[in-house]
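The structure follows.
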Amino acid sequence: MKKITPYLVVFMVSLMATSCYYDELPYEAPVGPLPETVSYQSDIQPLWNESCISCHKPGQTAPDLTAANSYSALTANSKYVVPGSAATSKLHKSLVGDGASIMPTSGKWSDAKIALVDKWINDGALNN
């Protein structure tokens with residue numbers, strides 16, 4: 001038994017050392033400076049085109065985020081966007097998963113994209 005004990009100790013230590021692994025978190029670019037004025041047409045609509053209109057289009061999941069209808073669909077009656085208040089907007093809550101399903105369903109957006117949408121909302125959600 002004395003001869004096998006050192007081997008068992010070495011085996012157990014090596015087993016514990018190799019059973020751990022290092023999880024790398026996906027790289028997320030830091031939130032850089034946001035533009036002074038966020039343009040709906042050139043800053044926000046491209047986000048919808050990239051990640052959202054495959055589901056949010058006419059005849060499918062509301063709101064319709066196609067270029068022709070997205071602004072009015074989001075801002076009508078403050079249903080999805082409360083101009084000047086990103087924190088209380090349904091859109092913001094969907095992007096961060098605050099009491100709503102995370103959108104887009106393919107995975108949470110980067111903090112930079114969410115910050116851009118929040119700035120647009122907080123700046124009054126203008127159609128510019």
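Note: hydrogens, waters and symmetry copies are ignored here, and every other heavy atom, side chains too, is used.
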Distance-only, no hydrogens or angles: does the N122 side chain make a donor-acceptor pair with backbone N or O of A86 under 3.5 Å?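 Judged by distance alone, yes, a pair lies under 3.5 Å.
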
The criterion is side chain to side chain donor-acceptor pair (under 3.5 Å); which residues satisfy it with D98, sequence neighbours excluded?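 Expected list: none.
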
Check: Y40 main-chain N/O paired with N128 side-chain donor or acceptor under 3.5 Å: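 Side chain of N128 to backbone of Y40: a pair is present.
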
Kindly write out the residues that satisfy side chain to side chain contact (heavy atoms under 4.5 Å, CB included) with S51, not counting sequence neighbours, or none if the list is empty.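 Here the qualifying residues are P104, W109.
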
Inter-residue atom distance T37.OG1 - D123.CG, 0.5 Å rounding: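 One gets 7.0 Å once the value is rounded to the nearest 0.5 Å.
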
For N69 and K57, what are the C-alpha separation, side-chain angles and deciding distance, and is it a side-chain contact (heavy atoms from CB on, under 4.5 Å)? CA-CA 9 Å; N69 303 314; K57 57 187 172 188; over 6 Å; no

Could you go through the side-chain contact (heavy atoms from CB on, under 4.5 Å) check for H56 and W48 one step at a time? CA-CA 9 Å; H56 292 276; W48 307 155; over 6 Å; no

Residue pairs fulfilling ring-ring contact (aromatic ring centres under 6.0 Å, His included) with at least one residue in residues 81-104, sequence neighbours excluded: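 Output for this query is empty, none listed.
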
In sequence, state the C-alpha distance, the side-chain angles, and the governing distance for C52 and M103, and then conclude on side-chain contact (heavy atoms from CB on, under 4.5 Å). CA-CA 8 Å; C52 306; M103 290 290 151; over 6 Å; no

What residues, two or more places apart in sequence or in another chain, satisfy side chain to side chain donor-acceptor pair (under 3.5 Å) together with K93?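 Checked K93 against side chain to side chain donor-acceptor pair (under 3.5 Å); zero matches.
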
Mark yes or no for whether Q41, through its side chain, and A67, through its backbone, hold a donor-acceptor pair below 3.5 Å.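 Looks like no, no N/O pair under 3.5 Å.
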
Check whether any side-chain heavy atom of P6 sits under 4.5 Å from a side-chain heavy atom of V9, and report yes or no.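 Result no, sub-4.5 Å side-chain heavy-atom pair not found.
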
Just verifying a value: how many Å separate D111 CG and D118 CG, rounded to the nearest 0.5 Å?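 Going from the CG atom of D111 to the CG atom of D118 covers 10.0 Å.
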
Show every donor-acceptor pair shorter than 3.5 Å between a side-chain atom in residues 74-85 and any protein atom, with sequence neighbours excluded, or say none if there are none.
unit_1	atom_1	unit_2	atom_2	d
T75	OG1	Y71	O	2.8
S85	OG	T88	OG1	2.6

Please enumerate all residues that pass side chain to side chain donor-acceptor pair (under 3.5 Å) together with S101, with sequence neighbours excluded.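 Per chain and number, S101 pairs via side chain to side chain donor-acceptor pair (under 3.5 Å) with no residue.
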
Mind checking whether I102 and I53 sit in one hydrophobic cluster, side chains of I, L, V, M, F, W, Y counted as touching below 4.5 Å?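 No, because I102 and I53 fall into different hydrophobic clusters, even though each may have its own neighbours under 4.5 Å.
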
When you measure from the side chain of W120 to the backbone of I44, do you find a donor-acceptor pair of N or O atoms at a distance under 3.5 Å?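 Checking the backbone N and O of I44 against the side chain of W120, no donor-acceptor pair under 3.5 Å is found.
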
Residues, nucleotides or ligands: over 12 heavy atoms within 6.0 Å of E36 CD: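 At most 12 heavy atoms, drawn from other residues, nucleotides or ligands, come within 6.0 Å of this atom.
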
Between OG on residue S54 and CG on residue N49, distance to nearest 0.5 Å: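 Nearest 0.5 Å value for the OG-CG distance: 11.0 Å.
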
Please evaluate residues L91 and V117 with respect to the criterion side-chain contact (heavy atoms from CB on, under 4.5 Å), reporting the C-alpha separation (whole Å), side-chain torsions for both, the decisive distance (0.1 Å), and the verdict. CA-CA 9 Å; L91 174 61; V117 173; 3.8 Å; yes

